[in-house]
Every structure is written in structure tokens, then in C-alpha cells.
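Scroll down for the structure; my scribbles are underneath it.
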Amino acid sequence: MRVLLSAFIGSKNLGDEAIFAVVSALVPEKLGADLTVLSIDLEKTRAHPLAAGTEVEQASVRNFVRLARKSDAVLMGGGGIIQDESSVINLLYYYLQSWVANALLKKPVYLVYVGVGPVTSGLGHWLLRRMSRRVARSLVRDRESADLLTSHGFDESTITVAFDIVYNLVVPAPATTASDYIVFAPRDWFFTQRYLPTRYALTRSKKDAASGLNRFRTRLLTLVSAALTRHPELRVVGIPFFLSQDNDLLAWIKARLTPEQSARFDIRSEYISPEEYVAIAAGSRAILGMRLHSLVLGTLSGRPLVPLIYSAKVRSMIAYLGLAERATELTKPDFDYEATLSRLDQALGSPDPIDAAALKHIQDTNLTLSDRFFAEVRADLAGTTR
């Protein structure tokens, strides 16, 4: 049996690569199938340790159709792929894949390890309702995702709710001592123009001095400057999770700091692996993170988290780990940076470790529910091939 996995693989998004690192090992084991993956960057993905029987092909419409036809099933995921908050084009892309695979090629389609939502546009709601006809089963990373699927016509009995699978990334034992730096993993926000590709929406917002995006960037700059002023012994290590977008933001901040502050603001401007990120985070004194997977991977480092919450997926994760008091809600561009600074001070002064029992529960639950989900998929596929 062979299955096709379609996701944001081979990208310069560290979070998506962390998902792939786990999924590429789990799916062949749990499903008992050979795996074909579509990658944006063949060389990069082929250099990744892959399970026996895994094939890597260039991501393209033609290859998707060709390989889906040869496969017994199509898997879509993981990550936050089913949403229109960044762009409705994202949701349209995956809906069309589900339609081609299921309606045209008669292959069963499964969502695996995905986050769903937010979906806010009329077109987005319509696409998700239409997708419910094409997806056989879904394995989602939080209850909010499951609720959104059921409200759009997905059968609740076909939905399995686990946690983000990146918690199950295997990493070396973290460092036991911290150096004098904090990890900073932001992203641009308050730029949404849902009917444009993300790149163009960002470009338009950057050109408008009064845009929410530029107000948000200015507030991030103020936060970083204040942190460096208050803690002259500290450096800030900026890590771009989405290499091109986040590098631009980090460089923008660095260019506007004072010369002394800029000298203590380092940017890891080249791609690093998820395992390398965990090692860097493990040597820090705290993680000031906005990107979801900067925080998920941060839990594996054992260092205190200071979350900046920009979406429900981050809020859900933070609530489960009991870190709400350390988090800042980004409900407006001019967020309360002073409160965030106080929370960072608290983390630096009282570096409480992540609850090891909670983390182990997440990891064990993910494996148990993966076993159950893929057993159901195997049963589905056995029924269709008899």
C-alpha cells in the first residue's frame, strides 16, 4: 500500500519542517504503508532522514494528479493549512486537492495532524462545507479545530482530537545551564487582506505607514528596545521561523535599535533545523515566542515561555500548559508591551520549568490517538480494496 502526503514540505518554514520530521516517521510506522511526499525543495527533503519506502517528488499540480492516481489514499497535513486568516487562497488550494483526489480520482482523503481555522470569509466557509464531502477522516490538533469541522458538515464520529504532533519530535537531552540570552520568535501580523496572497498583502501593508502592521511592528520594536535597556547583560537571539517573512521583520527591528542595542540583537538569518532550534532555546534564559511552533518546540527545551498570543491555536496550547499568566493577547496592534516586559522579567527571575507530567501526557496521548486513527484508516482502505 502507498499513500501520498501533501503538505508544506521542503519550505523555509521551520514549524512545517518540524511537523514533517515527526509525520514522516510516524505515518509509515502507524499506517504500515509506503509514503510519497510532495516537496517544494527536493534536495532539502531528500537529505532528511526518511523511513524506508519513502519517495520524494517535486510539488506541482501535474505530480499531485499523477501520484494521487497511483496511491491508495491521499493525506493532507499537518499544520494550520485549513484556514483563510492569512489568505483564502490557502484554503482554496487544499480544497481543490481534496476535490481532485476524491471526486475525480476516487481516492479517499484524510486530514492528518492539522489545525483548522480561523475561517472568516464567506468563500472560506463555502469551501470548508464543500470539503466535508471529500474528507473521510480527520486527525486534528485541538478541540476548536474539531468544532469548526463539525459546524461545517464533517461527521463528528470521523474526527480524532489530539495535540500538535511536534510535541513528539525526538530531540537530544536539553542543556542544563542557560546563557545570557533570550530567544525571540515573532511574526508579522495585522496585515490580513484575505483575498490576496499573503506576500502581496504584506507588501501593501508595509507601504502604508499608518497600517495595523506598521503599528504592530513599532510596538514590537518598543518591546525589544525596552527589554535590552532593562537587562543590559542580555542578548536577544531572533529566530525566523518563516525564513523570508520573519527575517525581514527581525532586520527591520535591528535597524531601528540604538547601536549598543543592535550589537546585542543577533539574527539567525539562515535556516536551522527544528532540533537546532531546540538546542538554541535550551541554552537561553527564556523564549519570547509568537510563532506557535517556537512555543511547542520551546516546551521540549525546558526553558520558560513568554507567549504572544495572536490566534486560537496558540491560546489553546498555552491554556493547556497553564501559562496564561505569562501570555500577552495581541488583540490590537498597540498591544501592552509593558505587561509583556513584566512577564519576561518574571520568567527571567523565576524560571519555572514546563510541567513534565503535562508534556508526557501530551506525547503519550498523541501516540495513542495516532494508533487509533491509523487503525481506522487501515480498516477503511482494506474495505475499499477487497
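Quick caveat: nothing in here was measured; it's all calculated off a predicted structure.
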| said: Hydrophobic clustering (ILVMFWY, side-chain heavy atoms < 4.5 Å, transitive) - are Leu111 and Phe8 grouped together? | reply: no

| task | Check whether any side-chain N or O of Arg46 sits under 3.5 Å from a backbone N or O of Val56 as a donor-acceptor pair, and report yes or no. | result | yes

| ring pair (Phe, Tyr, Trp, His ring centres under 6.0 Å) between Phe191 and Phe216, intermediate numbers included | CA-CA 10 Å; Phe191 65 86; Phe216 174 67; 9.7 Å; no

| query | Got Asn13 and Leu243 here, is their nearest side-chain heavy-atom distance under 4.5 Å? | reply | no

| said: Using 30° and 60° as the class boundaries, would you call the ring planes of His361 and Phe163 parallel, tilted or perpendicular? | reply: perpendicular

| task | Please confirm whether the backbone N or O of Thr222 pairs with a side-chain atom of Ser225, one donor and one acceptor, at under 3.5 Å? | result | no

| query | In Å, rounded to the nearest 0.5 Å, how long is the span from CG of Asn366 to CG of Leu26? | reply | 8.5 Å

| request: Hey, could you give me the CD/CG distance between Gln58 and Leu67, rounded to the nearest 0.5 Å? | output: 11.5 Å

| field | Rounded distance (nearest 0.5 Å) linking atom CG of Leu223 with atom OG1 of Thr218 | value | 12.5 Å

| message | Quick check: do Met290 and Tyr310 have side-chain heavy atoms less than 4.5 Å from each other? | response | yes

| message | Whether the side chain of Ser316 engages the backbone of Lys313 through a donor-acceptor N/O pair (distance < 3.5 Å, no angle test) should be reported. | response | no

| message | Please identify which of these residues, Leu35, Thr36, Val27, meets the side chain to side chain contact (heavy atoms under 4.5 Å, CB included) condition with Thr54. | response | Leu35

| Minimum side-chain heavy-atom gap Lys254-Leu249 below 4.5 Å | no

| task | Check whether any side-chain heavy atom of Leu38 lies under 4.5 Å from a side-chain heavy atom of Leu4, and answer yes or no. | result | yes

| message | For the backbone of Val161 and the side chain of Asp142, can you confirm whether one donor and one acceptor N or O come within less than 3.5 Å of each other? | response | no

| query | Which atom names give the shortest non-hydrogen contact between Gly15 and Phe241, and what distance separates them? | reply | N-CD2, 3.8 Å

| query | Is the number of heavy atoms from other residues, nucleotides or ligands under 6.0 Å of Tyr200 OH greater than 12? | reply | no

| query | Checking Arg264 side chain against Leu228 main chain: does a donor-acceptor pair fall under 3.5 Å? | reply | yes

| field | Row check, Trp99 ring normal vs Arg130 NZ/CZ: under 6.0 Å, within 45° | value | no

| task | Report yes if the side chains of Asn247 and Phe242 come closer than 4.5 Å at any heavy-atom pair, otherwise no. | result | no

| message | In this structure, would Ile40 and Val37 fall into the same cluster of hydrophobic residues linked by side-chain contacts under 4.5 Å? | response | no

| message | If hydrophobic clusters are built by linking Ile, Leu, Val, Met, Phe, Trp and Tyr wherever their side-chain heavy atoms come under 4.5 Å apart, do Val314 and Ile165 end up in the same one? | response | yes

| Arg199 atom CZ, neighbour heavy-atom count above 12 within 6.0 Å | no

| task | For Arg215, look at atom CZ and say whether over 12 heavy atoms of other residues, nucleotides or ligands are found less than 6.0 Å away. | result | yes

| task | Identify the residue among Asp188, Asp248, Asn214 that makes a side-chain hydrogen bond (donor to acceptor under 3.5 Å, both in side chains) with Lys206. | result | Asp248

| task | Step by step, work out the side-chain hydrogen bond (donor to acceptor under 3.5 Å, both in side chains) result for Thr120 and Glu85. | result | CA-CA 7 Å; Thr120 58; Glu85 190 171 33; over 6 Å; no

| field | Carboxylate-amine/guanidinium contact Glu233 Arg285, below 4.0 Å | value | yes

| task | Output the distance between atom NZ (Lys44) and atom CZ (Phe20), rounded to the nearest 0.5 Å. | result | 10.5 Å

| query | Does Thr365 offer a backbone N or O that forms a donor-acceptor pair with the side chain of Thr368 under 3.5 Å? | reply | no

| message | Check this for me: Lys30, atom NZ, are more than 12 non-hydrogen atoms of other residues, nucleotides or ligands nearer than 6.0 Å? | response | yes

| field | Short N-O contact, Arg137 and Asp380, less than 4.0 angstrom | value | yes

| query | Is a donor on one side and an acceptor on the other found under 3.5 Å between the side chain of Ser211 and the backbone of Ser205? | reply | yes

| Going by heavy atoms in the side chains, are Val278 and Ser301 under 4.5 Å from each other? | yes

| said: Whether the side chain of Asn90 engages the backbone of Ile81 through a donor-acceptor N/O pair (distance < 3.5 Å, no angle test) should be reported. | reply: yes

| query | Atom CG of Leu295 and atom CG of Leu288: how far apart are they, to the nearest 0.5 Å? | reply | 9.0 Å

| With a 3.5 Å cut-off and no angle check, do the side chains of Ser157 and Asp155 form a donor-acceptor pair? | yes

| Between Leu139 and Val114, is any pair of side-chain heavy atoms under 4.5 Å apart? | no

| said: Just so I know, are the side chains of Asp34 and Met1 near enough to count as touching, which here means a heavy-atom distance under 4.5 Å? | reply: no

| query | Just how far is it from atom CD1 of Ile309 to atom CZ of Phe335, taken to the nearest 0.5 Å? | reply | 12.5 Å

| message | Quick one: does any side-chain atom of Tyr337 pair with a main-chain N or O of Leu221 as donor and acceptor, under 3.5 Å? | response | no

| query | Can you tell me if CZ on Arg2 sees more than 12 non-hydrogen neighbours from other groups inside 6.0 Å? | reply | yes

| message | Tell me whether Arg143 is salt-bridged to Asp147, with the criterion being a basic N under 4.0 Å from an acidic carboxylate O. | response | yes

| task | Could you tell me whether the side chain of Glu17 and the main chain of Lys12 form a donor-acceptor pair under 3.5 Å? | result | no

| So, are Arg315 and Glu144 salt-bridged, with charged N and O less than 4.0 Å apart? | no

| query | When clusters are formed by joining ILVMFWY residues with side-chain heavy atoms under 4.5 Å apart, either directly or through shared neighbours, do Leu369 and Val166 land in the same one? | reply | no

